[in-house]
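To keep things clear, I will list the structure first and then write my remarks on it.
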Number of protein chains: 2
Amino acid sequence: MNQTPQGASGQALLFLTDEQLRKGIEAMFFAYQGFTADPDRILEGMAYGRAHHRAIHFIHRSPGTTVNNLLAILGVTKQSLNRVLRTLIADGLVSSTVGTRDKRERHLHLTPQGATLERSLSDAQRDRMRTAYRAAGPVAVAGFRQVLEAMMDEDMRRHYLTLVDKPDGR
Amino acid sequence: MNQTPQGASGQALLFLTDEQLRKGIEAMFFAYQGFTADPDRILEGMAYGRAHHRAIHFIHRSPGTTVNNLLAILGVTKQSLNRVLRTLIADGLVSSTVGTRDKRERHLHLTPQGATLERSLSDAQRDRMRTAYRAAGPVAVAGFRQVLEAMMDEDMRRHYLTLVDKPDGR
DNA sequence: AGGATACGTCAGCCTTGTTGACATGACTAG
DNA sequence: CTAGTCATGTCAACAAGGCTGACGTATCCT
């Protein structure tokens, strides 16, 4: 099945063979290890892990975001997120301030210390990405993004699209 | 820093801005969620998780592989892997046979039941990949693979390269 | 014969995910 | 104003899947 698929036009769609799809799957697996390796190295021994990195990243990206919004982006339970946020707030990396319009909400921001850690994490991750981008070239990079976007779940693509074009403010 | 990098030739390398790199990072994060979502759904409630999926995938891909080889590919400790293998062997999805050349080694194979589960997991994952590939087109797919390969750690790229061109035997 | 290797296992720990239950304060509809 | 809903925090308990360290057995190799 699907070993040599044909387009409606009769054009051979050789990039859609099971073989090609499997190669993409294996590439995703090994690449993701590299993707997380550098931040993981920085965080190890700091009592923080990947979950803290994710929280820090998205608070940096959406300063003043609420807990509920962060919950939707990360796709975890509030108990899971709260455990992470609690340590980040206690350690002075994140600030939580009562909402102005709606006082039930808490607005999350990185403190200067939190911003420093965020910077070192994203620097490390960008370094690897830059090397990969440079090696692959601009055309490859465009394709890379296209395929990744097509791979997302519908809900997550929504979050991605609203985030990705916001300026970084750095 | 690095907001509008210039090539040695003076050509603007706009795809290497921090902004572009960040978009790639966020795309990787959200895409990986989609990448694992379908197998995760199948495995939930089966007493298996992502670790079992990985073991099953690579045993399928390298029938007769040894524990040590699997350890290197997965990048975990033998205790972690053993916990997973033990349940898969006990449940009759994987067989472990004493090595022929070297009797210290165990050769790992999927049983017919293991192959059935592998099939359903990889079918689900390939379906999503196929949809993404089709939406993005062959040129994008080539770039996707290029960037992912450039993103891997050196050690893992070695494993990837020796695996990726092996036939799937299915 | 002795050391290295491949594997299995026990015990204990950590992070990060889960469910369920409950409390508080704030908003909102009637 | 009251009742219901919402946003958040927290407690307890549990599970998956990482980790380290230690130990044992069988096998291979020098």
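Just so we're on the same page: letters track the sequence lines, and every chain starts at 1.
Here chain B contacts DNA chain D (any atom closer than 4.0 Å to a heavy atom, that is under 4.0 Å), and the contacts span D/dG17 to D/dC28 from 5' to 3'.
A side-chain donor-acceptor contact under 3.5 Å links A/H60 and A/D168.
Between the side chain of B/T111 and the main chain of B/G92, a donor-acceptor pair closer than 3.5 Å is present. The closest donor-acceptor contact from the side chain of A/R61 to the backbone of A/L163 lies under 3.5 Å.
Remark: B/D155 pairs with B/R158 by the side-chain contact (heavy atoms from CB on, under 4.5 Å) rule, at least two apart or across chains. A search for side-chain contact (heavy atoms from CB on, under 4.5 Å) contacts involving A/S120 returns A/I42, A/L117, not counting sequence neighbours. Scanning for salt bridge (Lys or Arg N to Asp or Glu O under 4.0 Å) contacts around B/R128 gives A/D153, B/D38, with sequence neighbours left out. Residues forming a side chain to side chain donor-acceptor pair (under 3.5 Å) with A/H57 (at least two apart in sequence, or on another chain): B/E26. Judged as a side chain to side chain donor-acceptor pair (under 3.5 Å), and not counting sequence neighbours, the contacts of A/N69 are A/T65.
Residues of residues 79-101 of chain A that place a heavy atom closer than 4.0 Å to DNA chain D, in numerical order, are A/Q79, A/N82, A/R86. Taking a 4.0 Å limit (strictly below) on heavy-atom distances, residues 45-60 of chain B reaches DNA chain D at B/G49, B/R50, B/A51, B/H52, B/R54.
The terminal axes of the helix from C/dA1-D/dT30 to C/dG30-D/dC1, fitted over 5 pairs per end, subtend an angle of 30° to the nearest 10°.
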Validation: residues 136-150 of chain A side-chain donor-acceptor distances under 3.5 Å, sequence neighbours left out:
residue: A/R145; atom: NE; partner: A/E149; partner atom: OE2; Å: 3.4
residue: A/R145; atom: NE; partner: A/Y160; partner atom: OH; Å: 3.2
residue: A/E149; atom: OE2; partner: A/Y160; partner atom: OH; Å: 2.9

Name each donor-acceptor pair under 3.5 Å that joins a side chain in residues 27-37 of chain B to protein atoms two or more places apart or in another chain, with its distance.
residue: B/T36; atom: OG1; partner: B/Y32; partner atom: O; Å: 3.2
residue: B/T36; atom: OG1; partner: B/Q33; partner atom: O; Å: 3.4
residue: B/T36; atom: OG1; partner: B/R50; partner atom: NH2; Å: 3.4

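Following rounding to the nearest Å, A/L71 (CG) and C/dG17 (P) show an atom-to-atom distance of 11 Å. Here C/dC7 presents its P atom at 6 Å from CD of B/E105, a figure rounded to the nearest Å. For the pair A/L43 CG and C/dT15 C1', the computed distance is 12 Å after rounding to whole Å. B/R104 has its CZ atom 11 Å from the C1' atom of C/dG3, to the nearest Å. In this structure, A/D102 atom CG and C/dT24 atom P are separated by 19 Å, rounded to whole Å.
The phosphate of C/dG17 has neither OP1 nor OP2 within less than 4.0 Å of any side-chain N or O from A/T77. Between B/N68 and C/dT5, a side-chain N or O to OP1/OP2 separation shorter than 4.0 Å is absent.
Sorted by first and then second residue, the pairs that involve residues 71-91 of chain A and meet side-chain hydrogen bond (donor to acceptor under 3.5 Å, both in side chains), not counting sequence neighbours, are A/Y48-A/D91, A/H52-A/T87, A/N82-A/R86.
Between B/L110 and B/E118, the closest heavy-atom pair is CD1-CB, 3.8 Å.
Salt-bridge formation is not detected for the pair A/R22/A/D18: no Lys NZ or Arg NE/NH1/NH2 atom is positioned less than 4.0 Å from an Asp or Glu carboxylate oxygen.
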